[in-house]
Amino acid sequence: MAGRVRDELSALAAIFCGPGECEVLSRSDGTVFRILMKAEGLMDADIPLELVFHLTVNYPSCLPGISVNSEHLTRAQSVAVKEKLLQQAENLLSEPMVHELVLWVQQNLKHILNQPETGSGGGKCPSAASTTVDDGLWITLLHLDHMRAKTKYVKTVQKWASDLRLTGRLMFMGKIILILLQGDRNSIKEYLILQKTSKVDVDSSGKKCKEKMISVLFETKVQTEHKRFLAFEVKEYSSLDELQKEFETAGLKKLFSEFVLGLVK
């Protein structure tokens, strides 16, 4: 896989060769890279798009994670474009597909935005679960090393969870910071892309920076014993026992013992 991804990235870099048009953002968990492009939208106007692709170690045998961002699109429209790209990607499995997807969105963006549920941005966004092979609810536990700009960071996490229809908890206990996400697996993947590629915090000098010290502790499909969270909440815990009770109530006692206890030792 690694050789095919390198070849694909080299080809993309040759095609999108303008300043910042093709940029690798991370190689820590597969390959995450960004393509800046334009596509014809409504009223025949070119719309700048930022497409972020996350190629896992199993790519191209599995779908890439995709994030779509543009100041000229509503969140509903961006989600709709992403869903259509994932649908198209399903037809391209087993072969390098990113360039094909970029060409496809350049040719079809106007048609996507013309659809009733996306044109005004007020309709219901289609569920990612309906367009991917990863059906059902998933749960993921993340560990953050620190938050310097806590207020801004928390608001950003809440917004991402809301936009992606994820529920769960942002949990603080002493110096421990955990994010428990529950929802569609591709929405969780998109959250991770945002978390790793956005300037969400500040460094020691106060300069905006990307999150480099996040780790995925656990990921699995939601089981019958797991609680279904109804919302995403930010919670502070005064003791380890209080934090443990939160996990136990959610049916995650084993998860707490295996992954959280070790963080306090």
Side-chain angles (χ1 to χ4, degrees), residues 1 5 9 23-35 50-69 75 78-79 81-83 85-86 89 98 101 125 127-129 131-147 149 152-171 176-201 208-222 226 229 232-234 252 255 259-260 263:
M1 188 283 294
V5 169
L9 284 174
E23 179 184 2
V24 175
L25 302 174
S26 173
R27 297 185 188 273
S28 60
D29 178 22
T31 302
V32 179
F33 62 95
R34 175 177 61 202
I35 289 179
E50 178 190 68
L51 304 181
V52 178
F53 294 90
H54 180 196
L55 310 184
T56 67
V57 292
N58 294 319
Y59 172 86
S61 298
C62 67
L63 297 176
I66 300 174
S67 175
V68 178
N69 296 287
R75 184 63 196 169
S78 295
V79 170
V81 174
K82 183 197 77 169
E83 305 251 343
L85 281 169
L86 286 170
V98 173
L101 294 176
C125 301
S127 167
T131 63
T132 71
V133 296
D134 297 314
D135 294 329
L137 285 177
W138 281 70
I139 191 165
T140 297
L141 180 65
L142 310 175
H143 174 238
L144 292 176
D145 183 75
H146 61 270
M147 284 185 185
K152 178 180 178 293
Y153 205 134
V154 169
K155 286 182 179 179
T156 301
V157 170
Q158 288 176 307
K159 183 180 185 303
W160 288 341
S162 174
D163 287 347
L164 295 169
R165 298 179 181 177
L166 297 172
T167 60
R169 299 285 186 269
L170 170 54
M171 300 175 281
I176 296 176
I177 306 171
L178 299 169
I179 301 176
L180 189 64
L181 297 173
Q182 190 178 85
D184 175 75
R185 193 179 190 189
N186 279 281
S187 293
I188 292 176
K189 287 180 179 179
E190 184 169 356
Y191 175 93
L192 287 171
I193 290 174
L194 289 170
Q195 181 84 63
K196 294 177 180 179
T197 60
S198 303
K199 291 185 177 180
V200 69
D201 205 2
K208 290 181 180 180
C209 65
K210 298 173 184 176
E211 179 58 69
K212 296 180 179 179
M213 302 185 73
I214 184 172
S215 55
V216 179
L217 299 180
F218 180 81
E219 180 183 41
T220 188
K221 201 165 186 177
V222 170
H226 296 159
F229 294 102
F232 186 84
E233 299 178 24
V234 180
L252 299 168
L255 172 62
F259 298 98
V260 180
L263 299 175

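Just so it is clear, the model here is predicted, and its values are computed rather than measured. Positions are given from 1 along the sequence.
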**Message:** Below 30° counts as parallel, above 60° as perpendicular, anything between as tilted: where do the rings of Y191 and W160 land?
**Reply:** perpendicular
**Message:** Does atom NZ (K159) have a neighbourhood of more than 12 heavy atoms from anything else shown, all under 6.0 Å?
**Reply:**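 Atom NZ in K159 is not packed in, count stays at 12 or less.
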**Request:** Of all the heavy-atom pairs spanning Q182 and I139, show the shortest one and how long it is.
**Result:** NE2-CD1, 4.0 Å
**Asked** Any idea which heavy atoms bring L263 and H143 closest together, and the distance?
**Response** CD1-CD2, 3.8 Å
**Asked** Name the one of L181, L192, L166 that satisfies side chain to side chain contact (heavy atoms under 4.5 Å, CB included) with S187?
**Response**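 The single option meeting the side chain to side chain contact (heavy atoms under 4.5 Å, CB included) with S187 is L166.
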**Item:** With F53, the side chain to side chain contact (heavy atoms under 4.5 Å, CB included) member among I193, I66, T31, L25
**Value:** I66
**Asked** Is there a side-chain contact between V52 and V32 (heavy atoms, below 4.5 Å)?
**Response** yes
**Request:** Step by step, work out the side chain to side chain contact (heavy atoms under 4.5 Å, CB included) result for D163 and L194.
**Result:** CA-CA 12 Å; D163 287 347; L194 289 170; over 6 Å; no
Separation of [Y] [atom2] from [X] [atom1] (nearest 0.5 Å):
X    : Y    : atom1 : atom2 : value
S67  : N186 : OG    : CG    : 12.0 Å
L137 : T220 : CG    : OG1   : 12.0 Å
L144 : I176 : CG    : CD1   : 12.0 Å

**Request:** Please collect all salt bridge (Lys or Arg N to Asp or Glu O under 4.0 Å) contacts where either partner lies in residues 58-67, sequence neighbours excluded, each pair once.
**Result:**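 Passing the test, one end in residues 58-67: no pairs.
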